[in-house]
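The next block holds one structure in the form of structure tokens; read it before the comments.
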Amino acid sequence: LTARGGWVQRSLADCRVGPGEQRRLTLPDGSGLMLNTASAVNLAFQGERRIRALPGSEIALDSRGAGGTPLWIEMAEVRLDAADSQVVLRDYGERLGVSVLAGRVSVLSGPGALRSIAAEAPLVTTLAGGQAAWLSADGVRRFPLDRDAALDWTRGVLRADRQPLGTFLAELGRYRHGLLYCDDAVAGLVVSGAFSVRDTDYTLESLAQALPIAVHYRTPWLVRVSAA
């Protein structure tokens, strides 16, 4: 029932993309919004400016020059004022990744973040341009922004720097319908390079040429990677 409810929410969302799809759009205030694979948002721009991202979504917002009134992004249990900024966000489930490329973003977290009247006031954190952070139940953990890494997906690129093959395939699988998995025997092989998310079959072929692996298409939607 929960899974079905999530599917219904996505099917009724104002803007949505399926696996392997990306979409750019201009919001009513002139801000630019981009949705990455399997993402969905609802928009409210009458009397306020608000973007509600559904679970698992990844978005990039550029609101520079679109006005200084609050522009709220609601994702997971966090609310951010991203007015006059450039920011990339991804919901990882257990945590939220935020990269601020320009401007300043105010982050409201805690029990009262998504309530207009809260019994407990939310915690407020400010992230400036050039900062990134993980937001989770444990709090805010800041780290230096890697601008290229934050924007890679907006250019159709999936980059790996000595990444285990199993981890890389899990990321690549977000851009495909169905299931992509690998055997434990090859999961620890090291992957480095820049790969296209717009042609994942070509990316798998490139991996098979560079590593001692074989790619087995049981169906177009069920792909197994094993030792060659």
Side-chain angles (χ1 to χ4, degrees), residues 9-17 21-92 95-118 120-136 139-156:
Q9 275 189 314
R10 287 180 176 275
S11 66
L12 296 176
D14 295 329
C15 304
R16 61 188 182 276
V17 294
E21 299 175 349
Q22 296 179 333
R23 182 181 177 187
R24 295 181 185 269
L25 60 150
T26 301
L27 301 180
D29 65 354
S31 299
L33 180 67
M34 185 171 182
L35 277 65
N36 198 15
T37 179
S39 296
V41 298
N42 286 311
L43 306 174
F45 278 78
Q46 293 182 347
E48 64 175 347
R49 299 191 297 169
R50 181 165 53 86
I51 302 167
R52 176 62 182 171
L54 273 63
S57 295
E58 185 171 23
I59 63 174
L61 174 74
D62 190 346
S63 63
R64 291 173 293 179
T69 59
L71 173 50
W72 297 108
I73 301 175
E74 297 175 357
M75 182 177 281
E77 295 302 314
V78 176
R79 199 177 195 213
L80 308 95
D81 181 5
D84 200 26
S85 69
Q86 185 182 13
V87 60
V88 177
L89 304 101
R90 178 177 168 187
D91 180 5
Y92 287 84
R95 59 185 179 175
L96 178 66
V98 182
S99 298
V100 182
L101 287 80
R104 301 177 72 84
V105 171
S106 297
V107 180
L108 281 66
S109 58
L114 300 184
R115 303 171 194 156
S116 56
I117 301 176
E120 183 177 342
L123 303 175
V124 180
T125 303
T126 300
L127 298 175
Q131 291 186 320
W134 294 114
L135 310 179
S136 69
V140 179
R141 182 168 67 86
R142 300 171 189 258
F143 56 91
L145 171 69
D146 185 336
R147 185 182 183 89
D148 288 337
L151 291 173
D152 271 344
W153 67 263
T154 68
R155 306 175 181 125

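Taking CG from L80 and CG from L96, the interatomic distance works out to 6.5 Å, rounded to the nearest 0.5 Å. Remark: T26 OG1 to D62 CG distance equals 10.5 Å, nearest 0.5 Å. The distance from the CD1 atom of I59 to the SG atom of C15 is 10.5 Å, given to the nearest 0.5 Å. Distance check, rounded to the nearest 0.5 Å: CZ of R24 to CG of L33 gives 10.5 Å. Rounding to the nearest 0.5 angstrom, the gap separating the OG atom in S85 from the CG atom in L71 is 7.5 Å. Between atom CG of residue L43 and atom CG of residue L25 there is a gap of 7.0 Å, rounded to the nearest 0.5 Å.
Qualifying side-chain hydrogen bond (donor to acceptor under 3.5 Å, both in side chains) partners for D152, counting only residues two or more places apart in sequence or in other chains: R159. Shown here are the salt bridge (charged side-chain N to carboxylate O under 4.0 Å, His left out) partners of R23, two or more places apart in sequence or in another chain: there are none. With sequence neighbours excluded, the residues forming a side-chain hydrogen bond (donor to acceptor under 3.5 Å, both in side chains) with D29 are S31, R49, listed by chain and number. Applying the salt bridge (charged side-chain N to carboxylate O under 4.0 Å, His left out) test to D81 and every residue at least two apart in sequence or in another chain returns nothing. Not counting sequence neighbours, W72 has no partner by the side-chain hydrogen bond (donor to acceptor under 3.5 Å, both in side chains) test. Remark: E48 engages A44, R50 in a side-chain contact (heavy atoms from CB on, under 4.5 Å) (not counting sequence neighbours). Applying the side-chain hydrogen bond (donor to acceptor under 3.5 Å, both in side chains) criterion to R16, with sequence neighbours excluded, gives no partner residue. In terms of the ring pair (Phe, Tyr, Trp, His ring centres under 6.0 Å) criterion, F45 has no residue partners (sequence neighbours excluded).
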Which atom pairs, one a donor and one an acceptor, fall under 3.5 Å between side chains of residues 139-147 and the rest of the protein, sequence neighbours left out?
from: R142; atom 1: NH1; to: T126; atom 2: O; distance (Å): 3.1
from: R142; atom 1: NH1; to: Q131; atom 2: OE1; distance (Å): 3.1
from: R142; atom 1: NH2; to: T126; atom 2: O; distance (Å): 3.2
from: D146; atom 1: OD1; to: D148; atom 2: N; distance (Å): 3.4
from: D146; atom 1: OD1; to: A149; atom 2: N; distance (Å): 3.2
from: R147; atom 1: NH1; to: L101; atom 2: O; distance (Å): 3.4

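Closest approach of A40 and A13 over heavy atoms only: CB-CB, 3.8 Å. Taking both residues in full, the closest heavy atoms of G56 and S39 are given as O-OG, 4.5 Å, listed atom of the first, atom of the second, then distance. Taking each heavy atom of A82 and I73 in turn, the nearest pair found is CB-CD1, 3.8 Å. Considering every non-hydrogen atom in both S136 and R95, the closest pair reads CB-CB, 4.0 Å. Taking both residues in full, the closest heavy atoms of T154 and A60 are given as CG2-CB, 4.2 Å, listed atom of the first, atom of the second, then distance. Of all the heavy atoms in W153 and L35, the pair that sits closest is CZ3-C, 4.0 Å.
Within the 4.5 Å cutoff, no side-chain heavy atoms of L54 are placed close to those of D91. With a 4.5 Å cut-off on side-chain heavy atoms, R104 and V100 do not count as touching.
Not a single donor-acceptor pair under 3.5 Å links the side chain of T125 to the backbone N or O of V107. D84 places no side-chain N or O within donor-acceptor distance of the main-chain N or O of A66, the cut-off being under 3.5 Å.
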